[in-house]
Amino acid sequence: MNFNIDQIRKDFPILSQQVYNRPLVYFDNGATTQKPQCVINCINDYHTQHNSSIHRGVHYLSEKATEDYENARKTVQHFINAASSNEIIFTPGTTSSINGLAFSFGERYIREGDEIIVTEMEHHANIVPWQMLCERKKSRLRVIPFSDEGILKLEELDRMINEKTRLICVIHVSNALGTINPVNEIIQKAHQHNIPVLVDGAQSVQHTSVDVQQMDCDFFAFSGHKIYAPTGIGILYGKEKWLDELPPFQGGGDMVDVVTFEKTTYNSLPFKFEAGTPNYIGAIGLASALDYVTSLGVENIAQHELTLLHQGTEKLLNLGYVKLFGTAPHKSSILSFIVNGVHPYDTGMVLDKMGIAVRTGTHCAQPVMQHYGIEGTVRASVALYNNALEIDALVEGVKKVKTMFG
Ligand code: PMP
């Protein structure tokens, strides 16, 4: 496999630093990823040499920025294999993508008594916007439960789908459990009843290759900052037939065709959904990050991360005092655990003093914690630049936690 981890680590300047006189071990990748030098350079160069607002100027810089922004859209299109670049909407991130869609879809299609299905393992970003919509429209949110291993109970979905179901929203990879959900199967079931499906891909695009046409999802959302790109940029993918039908979720500059005080007509896709000056430098940075990921190979990344996940799982479980949450056979690189008898926060604090960055708490998935009756977990999430030594450091850290608190 052409995946030289020592070389790859050198691409990420932040990783070479010390924290509390220890080498930084960064396992908070589910929250946000570090940036390779090529992405940092891309953003820096843009501010240094090319910056200009897009779509508006006739001058050189504006035309260049417009071209780069639209090329970035094509890079995203090819990365997720969308049929057209019209289907790629730039947003500030997954949360914005889902909120925008909830507004737009809700305005057009949701009526009193309608039902929207989510799963018990959703991130709050894929619960609350739908709940808010349901409150506005007097519609109902229904929830597919999961088993204690962290596997969705799809037989419940079969029972839940009925003539009132308007949309199914499902997390592709759980940020709290690591489960890779069978989205293809869910989409097939939904489409048998002509129900569209939104896939929350915030934790999937960076770990597994995503082909939206093969998946056949109707909508797909993800965030740039979780795939080695800057913050403040993300994607809402939607099939053109849907995006054509849906009303815009924000009004303002660029999204319009003709504005009069009597009536406004809207711009064509994808601009209809991009009101105001977009984060064009973020979009160009995102394209640079996707090119970087593509150069390493998403499959190579997945294989590397899975090896680390299996090592971490085995070593933590071998300690005999670690409980793992999320034990589905089909998993991505998330180790969500509790050291028996130790509060996750205390575990996180001790690990931090050893230079190890993990996340503690509910991971914006409180219903997952409610399922297990726990306050939270410690989450170590693996990225392409982590290595086996860091897994060992985590395991050593957990041993120290146990000696201190156990
Ligand atoms: N969905 C999932 C599964 C996530 O992990 C996250 C981020 N933790 C989000 C949605 C929200 O992403 P963002 O904060 O970038 O909008």
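Numbering of ligands and ligand atoms starts at 1, following listing order. Positions are given from 1, in the same order as the sequence printed here.
If you look at Phe325 and Tyr372, their ring centroids are closer than 6.0 Å.
Screening residues 203-213 for salt bridge (charged side-chain N to carboxylate O under 4.0 Å, His left out) gives no qualifying pairs among residues at least two apart or on separate chains.
Atoms CG and NE2, from Asn267 and His55 in turn, are 8.5 Å apart once rounded to the nearest 0.5 Å.
Between Arg9 and Glu390 there is a salt bridge, since at least one side-chain N of the basic residue sits less than 4.0 Å from a carboxylate O of the acidic one.
No more than 12 heavy atoms of other residues, nucleotides or ligands shown are found within 6.0 angstrom of CD on Glu375.
Protein residues having at least one heavy atom under 4.0 Å from any atom of ligand 1 are Thr94, Thr95, His123, Ala125, Ile171, Asn175, Asp200, Ala202, Gln203, Ser223, His225, Lys226, listed by chain and number.
Side-chain atoms of Thr91 and Ser96 include no donor-acceptor pair closer than 3.5 Å.
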